[in-house]
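Here's the structure we're looking at; comments come further down.
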Amino acid sequence: MQRIGVFVCWCGTNIAATVDVKAVAEAAKSVPGVVFSADYQYMCSEAGQTLIKDSIKEYNLTNVVVCSCSPRMHEATFRKAVASVGMNPYMLEVANIREQCSWVHKDKEIGTPKAIALMKAAVAKATLNTPLTAGNTPVTKRALVIGGGIAGMQTALDIAEAGYEVDIVEKKPTIGGKMAQLDKTFPTLDCSSCIVTPKMVDVGQNERIHIYSYSEVTAVKGFVGQFTATIKRKARYVDEDKCTGCGLCTEKCPMKKVPDEWNMGLGTRSAVYIPFAQAIPKIATIDPNYCMKLNTGKCGICSKVCGVGAINYDAKDEYIDVEYGAIVAATGYEMINLEKYDEYAYAQSPDVVTSLEYERLMSAAGPTGGHLVRPSDGKQPKTIVFVQCVGSRESADSCRGGKEYCSKVCCMYTAKHAILTKDHYPDTDIYVFYIDVRTPGKLFDEFYRRAVEQYNVHYIKGAVGKVTPNKETGKLEVQGSDLILNEQLHIDADMVVLAGALQASETARPLATMLTAPMDTNDFFTEAHAKLRPVESATAGIFLSGFCQGPKDIPETVGQAGAAAAKVIGLLAKDHLVGNPCVSKPNELMCNGCSQCATVCPYGAITYVEKEFRMPDRTTKVRRVASVNPAVCQGCGACTVTCPSGAMDLQGFSNTEIMAEVDALCQ
C-alpha cells in the first residue's frame, strides 16, 4: 500500500509569486495514494528537510514527492534527507514547478493549474517507483588536464602538490599558452613572461606531472573514476629523449622563411624550430609542411649537425591509452578571424593588426625586439587608432563570425597597450574608439583612468565606419563618429589595432563531444550549476578550468584553475565512488539481439552474450541478448528509445513510469 507525502516549496517568491503553493498542497490531498501534504517557504533549508523527515516517521510514508526547483538543483539534497530516516532515496520524486512552471508564467491563474498537473504526474510516477541500490566503482588515482596554458598548468600543479599523478596534453610543441605570448599584464604591468615562465619550469620539473606536448586527445571512453583516454603523440621527427634543446639544428636549417605562428605571423622561423627560448619542453620540432628532407628527400642538414643523433625522419604518430579518474578541460581561447571585417582593412594592410599581434610587436622577445614599428616599412608609428569590440557584442544574425557576448578583457588590455606605448613613445597620439568601457575588477577602473588622465589617451565614444589604406601617403584613413560631440572624425593613422572578439578554442567542440559534456551556443563548456557548481561539467568527472567555460582574465583563470583542482583532488581522494543505480536493464525474453542499443550507447556499456533459454517444448535454444555493465552505464536513456522490441528499460525511469506521468498530465 503506497503512502505518499507531497511537499510544496515556495522557493521564496520564485515559485510563490506565480503559483498558489497552498492550493497545490491542498490539491495533493485528493490524489489517490497521498496521505499527507504540506507547503513551506524554503523546503531545501534545514527546517524544510526536518519537516520531510518528521512527516516520513509520523505518517509512515513510503514515497515522497517534493514540488520545487529543478532536480539538478536539490534532488541529491532531498535524497540524503529521506535516506537519513531509512527510506530508499530513489523512492523520492521531484516535480519541477519552478523552471518548468513559475519562471515561464506571469500570473497564478495559469501557473497554479500547471503546477498541480506537474505534481499529479510526479505522484503517478512515485506510485510505481521501486527501491534501487547503488553500486561502488574504484577510482583511478590519476588526472588528465587537456590544455597547457596558465589554466592547465595551475590546475596540474595544484593536483600534483596534493600527491596525485597528472598528465598535461598540449597540442602545441610547448606549454605556456597565450599568456606566454603577452608582453605585460594589467593592471600591475608585470612582465608576463616573468610570471609564466617560472610556472612553466615548475610544471616541467614536477615529478608527478607528465607533459604530452605536440599531442591531442583523440578519444575518451569510460566514466567518472575510470576514464580511458587515447592520446595522439604527433611525430616531431626529433627524439624527445635525446634532444638537448641546443638549437643548432634551427640555426643551420636552410628553410628560414616559414611564418612564425608564435609571433602571430609577424616574423619567420626555420622548418625545424623551438617556439621560443623558454619553451617547456625545450625540444626541437620539424614542421613537415616545410621540411625539404621530408618533402623532397633532399637536404638533411639538421641530422648532420645534431651531435646527439636526435633527428629521425622516419618517425610516426603514436597512440597511447591511459586511464584516469578525472579529466579537466583547459582548452583556452583564440581570436575570431577578422578578415571578414573588410571595413577595417585588416586583410588589405599589414599596418592593421590585431591586439595579439600588437602584443608581439611590443614584446622584448617579439619579432622586433620590443621596438614598436609599422609592419609595412619598419618605421615608428606616430598616430595609432584602437578599435574596440570588433566582432564582440554583435548580432547573432551576423554571418561574419562575430559574438553576442562581451569578451571581458579587451577594454583593459587596450588601456594597457595605450599606457605602454605612451611610456615608450610619449609623442605618440593614441585614439580609442569604444562602445562602453568595462572595468569590473580590482584596480581596473583606476588603471583605465590612468590612461585617460595621466597619459592623455583620447577615448572616443563611437564607432569606426571605415579604414582606407592610402597608398600614396602610406597612411590609414580612419573615418569614425564621436557620439558625444555628434560629429564625424577623420584621422590619418599610422597603425590601427583591432580588439577582436575572443572565442573558445576550435578544439573545444570536438572535445566536448568526446567527453559527452554540454556546451552553450558559443562553444563554451556549460557548468553543472552556474552558482553552486561553477567548475564542474554536468558530466560526472569532467571539470572546467579557464577560458573554456567563458571569458575571463588571468586572475580569474588562476582562481578557477585552483577550484577545479580542488574538485579533482576531492574525487581522487576517494577509493570508491557510489554509482548511479538508474541504469538500463534489458528484458532478455524480448531482446532480439539486433545490436542497435550497443550502436547508440555513447559509453560502450552494452555488449552481447550468448545465452541458453528453455523453450515451452522443454528444449533449449541459444540466443544472442544484450548485457549492460551497470558500472559503465550512465543512464542517458539513448538505448531505451532506440530498442525496436522495447526490451531495454531504464531503472528509475521505466517506460511504465514515464507513461504513468503522461497519463496523469492528460487527465
Side-chain angles (χ1 to χ4, degrees), residues 186-187 189 335-336 338 340-346 349 351-355 358 372 381-398 400 402-470 473 475-502 551 553:
F186 60 78
L189 297 182
M335 185 172 286
I336 65 169
L338 297 180
K340 292 184 179 180
Y341 291 81
D342 297 332
E343 65 268 34
Y344 301 121
Y346 177 70
S349 172
D351 296 330
V352 181
V353 298
T354 69
S355 51
Y358 196 78
L372 180 60
K382 298 296 184 181
T383 303
I384 304 175
V385 172
F386 290 84
V387 184
Q388 298 301 95
C389 297
V390 179
S392 291
R393 305 168 67 184
E394 192 169 88
S395 169
D397 297 330
S398 171
R400 303 193 294 179
K403 304 298 178 181
E404 289 186 286
Y405 56 82
C406 169
S407 295
K408 198 170 186 177
V409 296
C410 313
C411 290
M412 287 301 297
Y413 70 57
T414 293
K416 176 191 73 173
H417 289 159
I419 289 174
L420 292 175
T421 303
K422 295 285 278 188
D423 259 340
H424 289 81
Y425 310 98
D427 59 341
T428 306
D429 288 326
I430 297 178
Y431 299 86
V432 178
F433 283 85
Y434 69 95
I435 300 174
D436 301 296
V437 175
R438 297 183 171 182
T439 56
K442 186 177 181 180
L443 299 178
F444 282 14
D445 196 60
E446 293 86 341
F447 186 78
Y448 154 65
R449 297 306 310 171
R450 181 181 169 194
V452 175
E453 297 168 1
Q454 181 178 340
Y455 289 92
N456 297 316
V457 176
H458 306 294
Y459 272 77
I460 302 168
K461 184 174 179 62
V464 169
K466 192 171 182 63
V467 176
T468 305
N470 190 318
T473 63
K475 297 285 187 176
L476 297 167
E477 297 176 353
V478 179
Q479 179 181 349
S481 59
D482 188 324
L483 298 180
I484 295 178
L485 298 179
N486 193 27
E487 63 182 23
Q488 292 294 308
L489 300 178
H490 296 272
I491 302 171
D492 289 335
D494 296 306
M495 287 186 69
V496 172
V497 184
L498 306 178
L502 304 180
D553 59 22

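All values derive from a computational prediction rather than experimental measurement. Just so you know, residue 1 is the first one in the sequence shown, and it goes up from there.
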Does any pair with a residue in residues 486-497 pass salt bridge (Lys or Arg N to Asp or Glu O under 4.0 Å), and if so which ones, sequence neighbours excluded?
R374-D494, K475-D494
With ring centroids as reference points, do Y459 and Y431 lie under 6.0 angstrom apart?
no
What pair of heavy atoms forms the shortest contact from V496 to L498, and how long is it?
CG1-CD2, 3.8 Å
Decide salt bridge (Lys or Arg N to Asp or Glu O under 4.0 Å) for E394 and R400; before the verdict, give the C-alpha distance in whole Å, the side-chain angles of both, and the deciding distance to 0.1 Å.
CA-CA 10 Å; E394 192 169 88; R400 303 193 294 179; 3.5 Å; yes
Locate the shortest heavy-atom distance separating M412 from P187; write the atom from each residue and the value.
CE-CB, 4.4 Å
Starting at CG of L476, measure out to OG1 of T383 and round the result to the nearest 0.5 Å.
10.5 Å
Under a plain distance cut-off of 3.5 Å, with no hydrogens placed, do S392 and Y405 share a side-chain donor-acceptor pair?
no
Calculate, to the nearest 0.5 Å, the distance between atoms OG and OH belonging to S407 and Y413 respectively.
7.0 Å
When you check the side-chain N and O atoms of T468 and Q479, is any donor under 3.5 Å from an acceptor?
no
Spacing of CD1 belonging to I460 relative to CG belonging to L483, to within rounding of 0.5 Å
10.5 Å
Looking only at heavy atoms, what is the nearest atom pair of C406 and R438, with distance?
CB-NH1, 3.3 Å
Between K382 and the options T428, D427, D429, the side-chain hydrogen bond (donor to acceptor under 3.5 Å, both in side chains) test singles out D427
Atom pair CD/OG1 of E446 and T439 - distance to nearest 0.5 Å:
8.0 Å
For I435, is there any backbone N or O sitting under 3.5 Å from a side-chain donor or acceptor partner on K461?
yes
At what distance, to the nearest 0.5 angstrom, does NZ of K466 lie from CG of D342?
8.0 Å
Could you tell me whether the side chain of S349 and the main chain of A345 form a donor-acceptor pair under 3.5 Å?
no
What orientation do F447 and F186 show, parallel under 30°, tilted 30 to 60°, or perpendicular over 60°?
tilted
Distance, nearest 0.5 Å, that separates SG of C411 from CG of D436:
8.0 Å
Going by the ring-ring contact (aromatic ring centres under 6.0 Å, His included) test, name the single residue among Y455, Y425, Y358 that passes it with H417.
Y358
Taking all non-hydrogen atoms of both residues, which atom of K403 and which atom of A501 are closest, and how far apart?
CG-CB, 4.3 Å
